[in-house]
Protein chains: 2
Amino acid sequence: MATTLKQAYKPLNEQTVVGLAQKLKLFSDYQNIKVNEIGDGNLNLVFRLIEADTGKSIIVKQALPYAKVVGESWPLTLDRARIESSSLIKSAEFAPEHVPEVFYTDQDLALTVMEDLSSHVILRKGLIEGVKYPHLAQHIGTFIAKSLFYTSDFYLHPFEKKELVQTFTNPELCKITEDLVFTDPFYDINTNDFPSELKEAVSKLWNDTLLKQRAASLKYKFLTRAEALLHGDLHTGSIFVTETSTKLIDSEFAYYGPQGFDIAHFFANIALNHASQSFHISDNLRREEYQSYLLSVIKDTWETFTAHYRELWKTEGVESATKLPEFEEEILNSIFTDMIGFAGCEVIRRTIGLAHVEDLDSIEDFNGQIELKKRVLKLGSDWVKNAERIKNIDEFITYIRSV
Amino acid sequence: MATTLKQAYKPLNEQTVVGLAQKLKLFSDYQNIKVNEIGDGNLNLVFRLIEADTGKSIIVKQALPYAKVVGESWPLTLDRARIESSSLIKSAEFAPEHVPEVFYTDQDLALTVMEDLSSHVILRKGLIEGVKYPHLAQHIGTFIAKSLFYTSDFYLHPFEKKELVQTFTNPELCKITEDLVFTDPFYDINTNDFPSELKEAVSKLWNDTLLKQRAASLKYKFLTRAEALLHGDLHTGSIFVTETSTKLIDSEFAYYGPQGFDIAHFFANIALNHASQSFHISDNLRREEYQSYLLSVIKDTWETFTAHYRELWKTEGVESATKLPEFEEEILNSIFTDMIGFAGCEVIRRTIGLAHVEDLDSIEDFNGQIELKKRVLKLGSDWVKNAERIKNIDEFITYIRSV
């Protein structure tokens with residue numbers, strides 16, 4: 001599992017990436033290719049290549065053998081490039097409209113050549129700016145229904161499913177989630193990151209036996225339940241949008257896990273944005289209207305997801321159990337309950353763990369930010385502890401509204 | 001996943017097996033080796049080699065590339081030899097006293113050279129004959145506690161655990177269980193095998209919506225929950241015993257699955273023997289006494305298992321959640337509930353599915369056998385449907401007593 005570099009591995013630069021494009025015959029005129037490195041340099045190199053005459057462009061993404069976070073650098077498997085490109089290719093089988101197209105991959109070089117999505121913006125940025133995306137809920141709900149169903153034992157022959165579980169075995173990236181989402185925020189561990197003003201609220205979490213038990217139980221589900229191929233990190237920073245298009249990117253955390261996980265992360269990050277809007281939009285009417293939109297995204301995503309998932313069970317279920325309506329209800333109920341718990345963990349770790357969200361951290365009023373984060377921590381804790389008592393999506397939404 | 005024969009594969013015979021022993025330097029005098037083929041020829045070749053002078057003996061087990069069941073022959077992966085020997089070697093790390101020692105393996109030849117256990121008898125035979133094994137419960141309870149704990153996320157680093165999950169990916173043998181234990185007995189499928197006198201009772205099962213839903217739910221757990229390394233087929237025919245020794249054999253179904261599975265199969269087969277004793281032992285007093293012994297095996301196995309499992313959590317738990325007593329309770333409760341459901345499926349499929357048990361089928365009084373099988377089907381159905389309502393091992397045992 002150690003990160004050993006393949007002999008062939010070498011980071012690309014602006015010259016060699018054009019050579020690669022030429023080798024792959026991606027353009028017609030290599031004298032006029034404009035190259036920009038647009039990655040943040042922490043995890044991956046990301047080159048954008050544009051042919052001046054035609055405007056045709058592609059992205060070359062190459063994993064770096066380390067990660068830089070809060071100034072430190074640690075080794076990180078290059079295998080994540082294989083995981084990411086394999087998951088994009090798999091998703092394109094059933095939802096090509098919601099992932100960047102993959103043109104080429106090289107596992108030794110840990111690189112993927114893919115569609116340029118520069119016309120899109122990162123959803124998190126758009127939400128912080130108060131932009132509405134009228135198709136977002138429909139797109140995400142449909143995508144999740146398809147990816148859960150088409151990669152599950154309900155649809156696949158068990159041999160094929162078990163082969164996919166092996167392909168997407170992703171220990172190093174899963175370990176990051178296991179630690180940073182499910183363990184560290186619930187214990188006094190030095191990866192946590194919060195100001196002293198939150199210390200009292202955080203101590204309360206660390207002393208909450210029921211909360212810790214439920215978080216342990218959710219972690220155990222993450223560790224053991226190979227139900228469907230997940231994106232694995234579906235926060236609003238992993239979604240590229242325009243008014244009419246929705247694309248899921250950065251799927252290097254993909255693995256076989258519990259069905260409720262991805263939709264939980266999407267909802268948790270919408271909820272965090274919802275909470276933050278009391279600081280981002282000063283006009284009361286406009287704020288309330290935008291917050292209603294955010295809640296409608298959650299409701300519509302859930303309803304699209306369940307309707308589509310039910311339809312797939314009915315029309316394409318292969319496993320004999322898909323003919324039992326009672327079992328369908330049981331599965332959907334368990335996805336719903338798991339979703340609430342996972343959303344609770346995500347909300348907590350994004351507030352006091354290693355990786356924060358801009359929605360909250362960009363709030364300039366420091367005292368306001370602290371007070372809001374306290375309420376957000378309570379939201380997360382309530383979700384984790386009360387998951388089994390919350391009966392439907394409206395009750396789930398009521399918790400968000402109460403923050 | 002297809003059964004493609006490696007070039008090197010060739011079935012051994014009584015000559016070549018001695019050549020193999022010589023190559024491996026297993027004996028000192030190869031002129032006086034007695035060879036017996038003691039397998040049933042349906043699935044495996046099993047050679048027993050004995051050195052005449054010293055009495056020293058070994059077993060050479062070689063998988064055949066097909067299975068013969070009810071007269072038919074179908075291809076069956078040779079990879080099961082790798083699975084079996086790997087699982088024996090893994091078990092020997094924490095419980096060498098309860099598995100045959102492995103001296104040599106050859107994956108191309110699909111063979112394992114291992115300790116000869118001819119001094120032992122198959123537990124099922126012993127139980128049918130009414131023999132008591134005073135250490136059985138202690139041995140099985142301890143073995144299961146150790147194998148569940150030492151192969152789980154509670155003890156292993158997640159990288160190591162995920163590597164073991166891959167090693168023990170066993171699609172073809174799992175498919176047999178998925179079909180024959182969890183699906184076929186609940187539908188009108190031609191692998192089922194029961195006399196017309198049971199048709200009415202069986203139709204009742206096939207029309208029982210709740211039963212089918214619960215069986216589907218148990219199958220889903222079998223398909224998706226990679227909790228611990230299981231034996232995978234722990235009926236009383238997979239256990240070799242003497243008065244003082246207990247050895248688990250035939251672990252070719254080993255894979256990572258739900259923790260409650262193995263102990264369920266052990267209990268279900270004890271329960272089937274218990275039911276059959278009204279025909280095997282005619283003396284009332286002696287029968288009651290033996291049946292009490294069988295129930296005490298179940299109770300003592302469960303108590304040994306839980307006590308040992310708790311002790312391992314306390315003393316050797318690595319995962320931080322093992323420090324939470326509430327989570328320990330949750331895990332043990334879920335093992336218990338799953339166990340009841342899995343035991344119910346095993347009881348049903350051993351009565352009307354493809355693979356029966358001698359305990360029931362050897363009953364000569366045909367009408368008596370039919371009446372008993374009806375009661376056994378009700379037992380299995382009650383367990384599957386009421387698993388969540390049965391609170392402790394005494395209540396579980398009450399169901400067995402009522403048959």
Y255(B)/F168(B) under ring-ring contact (aromatic ring centres under 6.0 Å, His included): CA gap, chis, key distance, verdict: CA-CA 5 Å; Y255(B) 91 113; F168(B) 289 100; 9.8 Å; no

From CA spacing to verdict: side-chain contact (heavy atoms from CB on, under 4.5 Å), I352(A), V202(A): CA-CA 8 Å; I352(A) 61 168; V202(A) 172; 3.7 Å; yes

Worked check of side-chain hydrogen bond (donor to acceptor under 3.5 Å, both in side chains) between T337(A) and E388(A): CA-CA 6 Å; T337(A) 306; E388(A) 308 212 351; over 6 Å; no

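At a threshold of 4.0 Å, the pair R349(A)-D184(A) does not count as salt-bridged, since none of the basic side-chain nitrogens sits closer than that to a carboxylate oxygen. A salt bridge links K175(A) with D179(A): at least one charged nitrogen is closer than 4.0 Å to a carboxylate oxygen. With salt bridges taken as basic N to acidic carboxylate O contacts below 4.0 Å, one links K378(B) and D382(B). The pair E346(A)-R350(A) meets the salt-bridge criterion, since a charged nitrogen lies less than 4.0 angstrom from a carboxylate oxygen. Ion pairing of E172(B) with R80(B) is absent here, as no side-chain N (NZ or NE/NH1/NH2) approaches a carboxylate O to less than 4.0 Å. Look at E329(B) and R310(B) and you find a salt bridge, because one of the NZ, NE, NH1 or NH2 atoms lies within 4.0 Å of a carboxylate O, short of that distance. Taking the charged nitrogens against the carboxylate oxygens, K162(B) and E178(A) do have a contact shorter than 4.0 Å, which makes a salt bridge.
With a 4.5 Å cut-off on non-hydrogen atoms, Y220(A) touches chain B through its side chain but not through its backbone. At a 4.5 Å heavy-atom cutoff, K221(A) makes no contact with chain B through either its backbone or its side chain. Interface remark: L210(A) contributes no atoms to any contact with chain B (heavy atom separation under 4.5 Å). For Y256(A), no part lies under 4.5 angstrom from a heavy atom of chain B. For Y187(B), the part lying near chain A is the side chain, with the backbone staying farther off; criterion is any non-hydrogen pair under 4.5 Å. Contacts of Q259(A) with chain B are made by side-chain atoms alone, with heavy-atom separations under 4.5 Å and no backbone atom involved. Contact annotation for S217(B): both backbone and side-chain heavy atoms come within less than 4.5 Å of a heavy atom of chain A. Residue contact with chain B, scored on non-hydrogen atoms closer than 4.5 Å, involves the side chain of L324(A) exclusively.
Atom-to-atom distance recorded for K385(B):NZ and I390(B):CD1 is 12.0 Å, nearest 0.5 angstrom.
Top candidate by heavy-atom pairs under 4.5 Å with chain B, chosen from P258(A), A216(A), P158(A), A215(A), is A216(A). Contact count against chain A (heavy-atom pairs under 4.5 Å) is highest for A226(B) among A226(B), C174(B), A321(B). Contact tally against chain B (heavy-atom pairs below 4.5 Å) for L223(A), I331(A), T209(A): the top residue is L223(A).
Between F222(A) and F261(A), the angle of the ring planes lies from 30° to 60°, which puts this pair in the tilted group.
Put simply, the side chain of S86(A) gets close to the backbone of R82(A): a donor and an acceptor are under 3.5 Å apart.
A side-chain donor-acceptor contact under 3.5 Å links T169(A) and Q166(B).
At a heavy-atom separation below 4.5 angstrom, chain B is approached by E319(A), S320(A) within residues 313-320 of chain A. Contacts between residues 146-157 of chain A and chain B, counted as heavy-atom pairs separated by less than 4.5 Å, involve D153(A), F154(A), H157(A).
Residues D338(A) and F342(A) form a side-chain contact, since some pair of their non-hydrogen atoms from C-beta on lies under 4.5 Å apart.
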